[in-house]
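Data block below; observations after.
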Amino acid sequence: MCIRDRVLGATCLVEANLNGPGLEPVVERNGHDLIANQKRSAFHDSRRKADELWLVPKKDFFAESSNQFSGDWLRDRLTELRKSFDYSVLYGPPAATGSEAALLGSLCDGIVLVVEANSTRRVSAQKVKEKLIEADVRLLGTVLCGRTFPIPDIIYKSL
């Protein structure tokens, strides 16, 4: 059973990382084809990926605001998301490079910290965690990505 089969309601993926790569190729690579361009409330060019999965590109999330990540502007934008969708998942900026992730996390229900195997140092991850907790961010969990397995494929497949 797929996760989207368990979620009732419209879910949107929001590109809230102004300088990061877009999510559309990742979503399509994982089996969600671009179904249609449809409008959904204030997010003019939100793209429907599946029956209840939408993508809000960064150009639509940020619109033409010159105050990206100001507290008031961001709070209003998140309110618009909550009115338009049942669930919103925001892809935000790296937490170690600035205060934007902490601001975003403090206005959301929580944050998931993604760490890269063999790249993110333990001390750096701990400092980011402390910074998020100081900003009153609810840390929902941590994801380890890029983990490689030293077991040869032939042995690993037989396990």
Side chain to side chain contact (heavy atoms under 4.5 Å, CB included) partners for Lys131, two or more places apart: none
Test salt bridge (charged side-chain N to carboxylate O under 4.0 Å, His left out) applied to Arg138 - qualifying residues, sequence neighbours left out: none
Minimal non-hydrogen separation, Ala95 against Val128, with atom names: CB-CG1, 3.4 Å
Shortest non-hydrogen separation from Pro93 to Ala101 and the atoms involved: O-CB, 3.5 Å
Spatial distance of atom NZ (Lys157) from atom CD1 (Ile155) [nearest 0.5 Å]: 12.5 Å
Leu74 vs Leu104 side-chain heavy atoms within contact, under 4.5 Å: yes
Residues that Ser106 engages under side chain to side chain contact (heavy atoms under 4.5 Å, CB included), provided they are two or more places apart: Leu103, Val137
Spacing of Tyr91 atom OH and Lys58 atom NZ [to the nearest 0.5 Å]: 8.0 Å
Rounded distance [0.5 Å steps], CG in Asp60 versus CD in Glu15: 9.0 Å
Shortest non-hydrogen contact from Ala135 toward Ala102: CB-CB, 3.8 Å
Derivation and outcome, salt bridge (charged side-chain N to carboxylate O under 4.0 Å, His left out), residues Glu80 and Lys83: CA-CA 5 Å; Glu80 290 177 52; Lys83 289 178 184 175; over 6 Å; no
Side chain Asp86, main chain Thr11, donor-acceptor under 3.5 Å: no
Criterion side-chain contact (heavy atoms from CB on, under 4.5 Å) against Leu90, the qualifying member of Ile111, Leu78, Leu13, Val56: Leu78
Sequence-distant partners of Asp72, side chain to side chain donor-acceptor pair (under 3.5 Å), two or more places apart: Arg75
Same apolar cluster: Val143 and Leu139, side chain cutoff 4.5 Å: no
In one Ile/Leu/Val/Met/Phe/Trp/Tyr side-chain cluster, 4.5 Å: Val14, Leu107: yes
Within 6.0 angstrom of Arg122 CZ, more than 12 heavy atoms from elsewhere: no
Non-neighbouring partners of Thr120 that pass side chain to side chain contact (heavy atoms under 4.5 Å, CB included), sequence neighbours left out: Val115, Glu116, Ala125
Distance-minimising heavy-atom pair for Cys145 and Val114: SG-CG1, 3.8 Å
Side chain to side chain contact (heavy atoms under 4.5 Å, CB included) partners of Val123, counting only residues at least two apart: Lys127
Distance in Å, Leu113 CG paired with Leu144 CG, rounded so as to fall on 0.5 Å steps: 11.0 Å
Phe61 CZ to Asn17 CG distance, which is reported to the nearest 0.5 Å: 11.0 Å
Listed partners of Asp109 passing salt bridge (charged side-chain N to carboxylate O under 4.0 Å, His left out), at least two apart: Arg82
